[in-house]
Amino acid sequence: MDVESVADELYGLPPAEFTAARERHVAQARAAGDRELADRIRALRRPTLAAWASNLLVRTRPDEVRSLVTLGDGLRRARRNPDGARLRELDQRRHALVAALVREARRLTAEAGKEIGDAAREQVEATLRAALADPEAAAEWMSGRLSRTLTVPAGSRAAGLAGAEHLPATLAEAASGAGEVRDPRTGPSPAGRRSDGRTKGDGSGGPALPAAPTATRATRAPRGRQEAQRRRAEEEAVAARREAAAREDEVRHALDALEGAEQRAHEMDLLAEELVVRLKEAQARREAAHGAARQARARAREAEWAARRAAQHAREAAERLERGR
């Protein structure tokens with residue numbers, strides 16, 4: 001027995017069975033004289049319902065799990081080299097695969113006798129999104145030994161990428177640096193210049209005319225609007241990333257509080273089960289004691305009747321003896 005094999009077994013069990021099974025392995029390790037192994041097994045944390053459901057997906061649907069991790073790799077590559085059509089295609093696949101895996105998690109847990117609710121379903125979905133956004137989270141999930149669900153750390157690059165999928169296209173481009181508007185003060189783009197230094201399309205065939213010292217009002221207004229739109233898009237993208245990070249913090253705190261509440265509820269369930277067992281044992285002992293008392297009373301009555309009969313026989317024998325004299 002080693003901690004790896006024990007962990008594989010324990011994290012495949014429903015949370016309600018985890019603690020008792022873990023303590024059995026702890027007792028076995030101690031009986032074998034391996035206190036270090038016993039301590040390592042004792043350190044294994046009971047999974048939440050959502051973590052258990054996520055582990056079930058890894059253990060029973062490995063092909064779909066690998067598909068999700070591969071899709072996450074593709075999304076990260078696509079966001080490094082923005083391609084609107086490719087991103088939309090991958091995002092549609094992401095939505096479909098996440099939804100299918102969440103449904104499968106609910107089905108698997110129901111088959112195992114413990115259907116998860118909406119809160120746990122949302123935590124499973126958060127774990128899948130974390131695995132899509134972060135390779136380290138994906139590796140942790142694929143171990144099949146989660147004790148708590150995963151979220152993308154707020155403020156990390158992965159969190160920014162995960163949040164960018166919910167931005168409008170223009171904001172996503174601004175966030176990624178795509179669709180940059182050229183500063184009008186830099187003049188025509190390199191593609192608009194000829195190798196001889198003249199601007200394409202001047203039609204003069206002679207040397208290029210010097211640029212006008214100031215832009216006309218008609219050309220300055222559109223450029224000013226473009227610059228203002230670019231600044232607004234950048235500000236909105238920054239604000240959206242900050243809002244996404246704040247929401248991630250709130251989600252993480254809420255999940256931590258939920259996990260603590262579930263842990264306490266589970267401990268109370270175990271205590272209640274133990275008390276029920278003790279109560280049944282006490283009731284059995286009480287019934288046994290009452291049964292013994294009833295038997296003792298019956299024997300006492302029989303002994304009393306036997307004593308009365310013996311006394312009666314003794315009196316009758318004494319009377320007969322007296323008459324015979």
Side-chain angles (χ1 to χ4, degrees), residues 11 47-80 82-112 114-154 156-169 171-172 175-176 240-241 243-245 247-252 254-255 258-259:
Y11 286 107
T48 63
L49 283 174
W52 169 57
S54 301
N55 291 336
L56 281 181
L57 285 174
V58 173
R59 292 163 179 265
T60 61
R61 295 294 180 269
D63 292 340
E64 290 85 344
V65 167
R66 282 191 293 271
S67 295
L68 186 85
V69 174
T70 301
L71 178 59
D73 293 338
L75 280 166
R76 286 189 295 275
R77 285 194 299 270
R79 287 177 182 138
R80 286 194 294 269
D83 179 342
R86 178 62 173 163
L87 277 173
R88 284 192 295 273
E89 176 193 350
L90 293 174
D91 200 43
Q92 290 173 354
R93 290 174 55 194
R94 178 186 63 82
H95 279 293
L97 187 52
V98 167
L101 284 172
V102 170
R103 288 194 300 269
E104 184 64 10
R106 298 192 75 164
R107 189 187 69 80
L108 290 170
T109 54
E111 285 184 352
K114 184 66 177 180
E115 185 172 359
I116 58 175
D118 290 339
R121 179 192 60 77
E122 291 173 1
Q123 292 175 56
V124 171
E125 184 171 342
T127 295
L128 300 180
R129 293 187 183 280
L132 279 164
D134 184 7
E136 292 183 2
E140 186 175 356
W141 173 49
M142 291 183 72
S143 72
R145 300 180 188 175
L146 292 182
S147 61
R148 57 184 297 175
T149 49
L150 303 175
T151 57
V152 181
S156 70
R157 177 172 177 82
L161 290 174
E165 67 201 42
H166 303 294
L167 298 175
L171 297 186
S176 64
R241 288 197 295 270
E243 178 69 14
R247 297 290 81 78
E248 287 286 350
D249 281 336
E250 291 179 2
V251 169
R252 188 167 61 255
L255 292 178
L258 176 59
E259 181 178 0

Q) Are D91 and R94 close enough, and set up right, to give a salt bridge (charged side-chain N to carboxylate O under 4.0 Å, His left out), and what steps lead you there? A) CA-CA 5 Å; D91 200 43; R94 178 186 63 82; 2.7 Å; yes

Q. Does E89 CD have over 12 foreign heavy atoms under 6.0 Å away?
A. yes

Q: List for me each residue that meets side chain to side chain donor-acceptor pair (under 3.5 Å) alongside E140, sequence neighbours excluded, and say none if there are none.
A: none

Q. What are the two closest heavy atoms between A137 and L150, and how far apart are they?
A. O-CD1, 3.4 Å

**Q.** Considering all heavy atoms, the nearest N55-R145 contact
**A.** OD1-N, 3.4 Å

(Q) Donor-acceptor pair, distance only, cut-off 3.5 Å: does the side chain of R76 make one with the backbone of L132? (A) yes

Q: Output the distance between atom CZ (R129) and atom OG1 (T151), rounded to the nearest 0.5 Å.
A: 13.0 Å

Q: Look up atom CD in E64 and atom CG in L128, then write down how far apart they are to the nearest 0.5 Å.
A: 12.0 Å

Q: Provide the closest heavy-atom pair for T60 versus P62 in the form atom of the first, atom of the second, distance.
A: C-CD, 3.3 Å

Q: Walk me through it: do R106 and R103 pass the test side chain to side chain contact (heavy atoms under 4.5 Å, CB included)?
A: CA-CA 5 Å; R106 298 192 75 164; R103 288 194 300 269; 5.8 Å; no

Q.
Let me confirm one number: the CZ-CD distance from R61 to E104, rounded to the nearest 0.5 Å.
A. 4.0 Å

Q: For the pair T109 and L49, evaluate side chain to side chain contact (heavy atoms under 4.5 Å, CB included) and give the outcome as yes or no after the intermediate values.
A: CA-CA 9 Å; T109 54; L49 283 174; over 6 Å; no

Q.
With side chain to side chain contact (heavy atoms under 4.5 Å, CB included) as the criterion, how do M142 and R66 come out once you've worked through the C-alpha distance, each side chain's angles and the decisive distance to 0.1 Å?
A. CA-CA 9 Å; M142 291 183 72; R66 282 191 293 271; 4.2 Å; yes

**Q.** CH2-CG distance between W52 and L57, expressed to the nearest 0.5 angstrom
**A.** 11.0 Å

Q | For the student: nearest non-hydrogen atoms of A105 and V124, plus distance | A | CB-CG1, 4.2 Å

(Q) For a side chain to side chain contact (heavy atoms under 4.5 Å, CB included) check, start with the C-alpha distance between V58 and L146, then their side-chain angles and the critical distance, and finish with the verdict. (A) CA-CA 10 Å; V58 173; L146 292 182; over 6 Å; no

Q: Heavy atoms only: give me the nearest S54-W141 pair and the separation to one decimal.
A: O-NE1, 3.1 Å

Q) Which pair of non-hydrogen atoms, one from R59 and one from G144, has the smallest distance, and what is that distance? A) NH2-O, 3.2 Å

